[in-house]
Amino acid sequence: MKKIALIGAGGKMGQEITKLISESPQEIKITDLAKGVDVVIEFSSPKGFEKTLKWCVKNKTAFVSEHERQLQRAAKIIPVFWASNFSLGIALVTEMMKQFSELEDFDFQIEEFHHKHKKDKPSGTAKTLQKELHKIVQKKLPEPLSIRGGEIFGIHKIWAMSSSENILIEHSALNRSVFAKGALRASLWLIKQAPGYYSMRDLLSN
Ligand SMILES: NC(=O)c1ccc[n+]([C@@H]2O[C@H](COP(=O)([O-])OP(=O)(O)OC[C@H]3O[C@@H](n4cnc5c(N)ncnc54)[C@H](OP(=O)(O)O)[C@@H]3O)[C@@H](O)[C@H]2O)c1
């Protein structure tokens, strides 16, 4: 039996993960920090993240999060898994963007669309894509554009534009369970890992 603690369990992502675990054929139980856990999944807020990370380091417990700060330091002591986006599609988009290194005289722009309740702007995923794109094309990029409305789960677009042609890479999440599945898969995988810093790239290459 694997014991998982979920921080932010009452939120949109937390509820999605709870539903997924209740339907899972694997032996997984959601428990609270006080009862001993194999891994902690955090989908809450920067404050929730800080508090939970401290707890995980103190109690030598594996930690899966969508926040990134201080994780490198913690990774010397516990296994940590970070992804600004737990979908397989965004991991592939990151790989596809590498082709942009061959483009000359192109302008680039990242756009992201999310539901109107989303608190952060630009999204963590857009920031990560921007960082990757900058490494790939090695030029100054305009800030990602953020659009908020309705109940959009998450759309990310990466534009490459020249005077004669445009290229667009687009990823749409069609539901929240795509993130929940990725986070749960990451957490079950992380339990078996030694202390270190892991990301979607490590999960997918295993
Ligand atoms: N990496 C990914 O693939 C991915 C995908 C989707 C979302 N996200 C991110 O995940 C986070 C949560 O998203 P969401 O849509 O589920 O948000 P949400 O619906 O607002 O839920 C957040 C939950 O966290 C709780 N919380 C807030 N501060 C806390 C604290 N200090 N300690 C314990 N619990 C706390 C909230 O409780 P109260 O309501 O009582 O405050 C709420 O239940 C956001 O940062 C979002 O950007 C990441």
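Being a predicted model, the structure only gives us computed values, none of them experimental.
Not counting sequence neighbours, K51 has no partner by the salt bridge (charged side-chain N to carboxylate O under 4.0 Å, His left out) test. In terms of the salt bridge (charged side-chain N to carboxylate O under 4.0 Å, His left out) criterion, K54 has no residue partners (sequence neighbours excluded). Residues satisfying the ring pair (Phe, Tyr, Trp, His ring centres under 6.0 Å) criterion with F108, sequence neighbours excluded, are F100. Partners of E66 by side-chain contact (heavy atoms from CB on, under 4.5 Å), not counting sequence neighbours, listed by chain and number: E42, F43, F86. Residues that satisfy the salt bridge (charged side-chain N to carboxylate O under 4.0 Å, His left out) test with D107, not counting sequence neighbours, are absent from this structure. When the ring pair (Phe, Tyr, Trp, His ring centres under 6.0 Å) test is applied to F153, no partner is found at least two apart in sequence or on another chain. For H67, the ring pair (Phe, Tyr, Trp, His ring centres under 6.0 Å) test picks out F49, with sequence neighbours left out. Not counting sequence neighbours, the partners of R69 by the salt bridge (charged side-chain N to carboxylate O under 4.0 Å, His left out) test are E50. Not a single ring pair (Phe, Tyr, Trp, His ring centres under 6.0 Å) links F179 to another residue, sequence neighbours left out.
Side-chain contact of H171 with T125: a donor-acceptor pair under 3.5 Å is absent, judged by distance alone.
The pair K98-E132 does not meet the salt-bridge criterion, since no charged nitrogen lies less than 4.0 angstrom from a carboxylate oxygen. Using a cutoff of 4.0 Å between basic side-chain nitrogens and carboxylate oxygens, K127 and E143 are not scored as salt-bridged.
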Please tabulate, one pair per line, all N/O donor-acceptor pairs under 3.5 Å involving side-chain atoms of residues 23-41, not counting sequence neighbours.
{"residue": "S24", "atom": "OG", "partner": "Q26", "partner atom": "N", "Å": "3.0"}
{"residue": "D32", "atom": "OD1", "partner": "A34", "partner atom": "N", "Å": "3.3"}
{"residue": "D38", "atom": "OD2", "partner": "K3", "partner atom": "N", "Å": "2.6"}

Please output the side-chain donor-acceptor pairs of residues 184-194 that fall under 3.5 Å, not counting sequence neighbours, one pair per line with the distance.
{"residue": "S187", "atom": "OG", "partner": "L184", "partner atom": "O", "Å": "2.8"}
{"residue": "Q193", "atom": "NE2", "partner": "W189", "partner atom": "O", "Å": "3.0"}

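The hydrophobic clustering, which links ILVMFWY residues whose side-chain heavy atoms are closer than 4.5 Å, places L203 and I4 together.
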- Query: So E95 and R201, side chain to side chain contact (heavy atoms under 4.5 Å, CB included) or not? Walk me through it.
  - Reply: CA-CA 10 Å; E95 290 303 306; R201 208 165 277 163; 3.5 Å; yes
- Task: Kindly determine whether N85 and L129 satisfy side chain to side chain contact (heavy atoms under 4.5 Å, CB included), including the steps that lead there.
- Result: CA-CA 10 Å; N85 191 304; L129 290 172; over 6 Å; no
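Interatomic distance, K131 NZ to I136 CD1, rounded to the nearest 0.5 Å: 13.5 Å.
Grouped by direct or indirect side-chain proximity (heavy atoms under 4.5 Å, Ile/Leu/Val/Met/Phe/Trp/Tyr only), W159 sits with M161, L168.
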